[in-house]
Amino acid sequence: MEPQSVYDFSIRDSKGNDVDLSLYKGKVLLIVNVASKCGLTNNNYTELNELYQKYKEHGFEILAFPCNQFGGQEPGTNDEIVDFVCTRFKSEFPIFDKVEVNGENTAPLYKFLKKAKYGIIGDNIQWNFAKFLVDKNGQAVDRYYPTTSPLNIEGNIRKLLGLD
């Protein structure tokens, strides 16, 4: 059966456990493909943390998916990635298993997100830190380019959370 929302997916977390995304029902989600060795890493993690700290109590969640498809910039194991993110950036949002976001082995969640929101060059993800904003019903309502600052998305997050 065709998935109707992100809640229809089960994803492996960084420890290898299956996580049913229906756990996040009713929350606003920012789904991001992340990398530890990218020129965009510092700004993105810093700003993602800022948004997370500000809005997690209001029903906002960031789901980070490490991906090594862009310049080999996420070569580490899941443990190394989590250690880097949690130690260097003190991130508290969930880090999932490494995925592919383009090509034959695209993770099913990313197939769903890309079908909902096309990018400027078709549905392919362009680089690390592409962002999908998902509403409380599990639908992708916006897609942002890797170079879009997470803080530039804040107004849209606030709207979806009903804070504006």
Shortest non-hydrogen separation from [X] to [Y] and the atoms involved:
{"X": "I11", "Y": "F65", "value": "CG2-CE2, 3.4 Å"}
{"X": "L23", "Y": "V19", "value": "CD1-CG1, 3.7 Å"}
{"X": "C67", "Y": "E74", "value": "O-CB, 3.1 Å"}
{"X": "G155", "Y": "D164", "value": "O-OD2, 4.0 Å"}
{"X": "H58", "Y": "L163", "value": "ND1-CD2, 3.7 Å"}

A side-chain contact here means heavy atoms from C-beta on lying under 4.5 Å apart; do [X] and [Y] qualify?
{"X": "F112", "Y": "Q139", "value": "yes"}
{"X": "L160", "Y": "N156", "value": "no"}
{"X": "L30", "Y": "Y52", "value": "no"}
{"X": "N128", "Y": "P146", "value": "no"}
{"X": "N78", "Y": "D97", "value": "yes"}
{"X": "C38", "Y": "F70", "value": "no"}
{"X": "L63", "Y": "L21", "value": "yes"}
{"X": "E154", "Y": "L51", "value": "yes"}

Side chain [X], main chain [Y], donor-acceptor under 3.5 Å:
{"X": "N33", "Y": "A130", "value": "yes"}
{"X": "N49", "Y": "F89", "value": "yes"}
{"X": "K131", "Y": "F129", "value": "yes"}
{"X": "K98", "Y": "G76", "value": "yes"}
{"X": "N68", "Y": "Q73", "value": "yes"}
{"X": "S14", "Y": "D79", "value": "no"}
{"X": "S149", "Y": "L151", "value": "yes"}
{"X": "D8", "Y": "S5", "value": "yes"}
{"X": "K136", "Y": "K25", "value": "no"}

Ring-plane angle category for Y45 and F84, please: parallel below 30°, perpendicular beyond 60°, tilted otherwise. perpendicular

Angle class for the Y24/F96 ring planes (parallel below 30°, perpendicular above 60°, tilted otherwise)? perpendicular

Take D18 and R12 through the side-chain contact (heavy atoms from CB on, under 4.5 Å) test and state the conclusion after the steps. CA-CA 4 Å; D18 286 329; R12 197 159 278 163; 3.5 Å; yes

Taking atom types as modelled, find out whether [X] and [Y] have a side-chain donor-acceptor pair closer than 3.5 angstrom.
{"X": "Y144", "Y": "N152", "result": "no"}
{"X": "E61", "Y": "Y55", "result": "no"}
{"X": "S22", "Y": "D20", "result": "yes"}

How far does [atom1] of [X] sit from [atom2] of [Y], to the nearest 0.5 angstrom?
{"X": "L133", "Y": "I153", "atom1": "CG", "atom2": "CD1", "result": "7.0 Å"}
{"X": "I62", "Y": "I31", "atom1": "CD1", "atom2": "CD1", "result": "11.0 Å"}
{"X": "L113", "Y": "L29", "atom1": "CG", "atom2": "CG", "result": "9.5 Å"}
{"X": "F9", "Y": "K111", "atom1": "CZ", "atom2": "NZ", "result": "9.5 Å"}
{"X": "L161", "Y": "E57", "atom1": "CG", "atom2": "CD", "result": "12.0 Å"}
{"X": "K27", "Y": "Y7", "atom1": "NZ", "atom2": "OH", "result": "10.0 Å"}

For N102, run the side chain to side chain donor-acceptor pair (under 3.5 Å) check against K114, Q126, Q69 and tell me which one passes.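 Per the side chain to side chain donor-acceptor pair (under 3.5 Å) rule, the option paired with N102 is K114, out of K114, Q126, Q69.
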
A quick test of your reading: do over 12 heavy atoms of other residues, nucleotides or ligands sit less than 6.0 Å from NZ of K15?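 Counting neighbours around NZ of K15, 12 or fewer heavy atoms of other residues, nucleotides or ligands fall under 6.0 Å, so no.
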
Hey, is CZ on R158 packed in by over 12 heavy atoms from elsewhere, all under 6.0 Å? yes

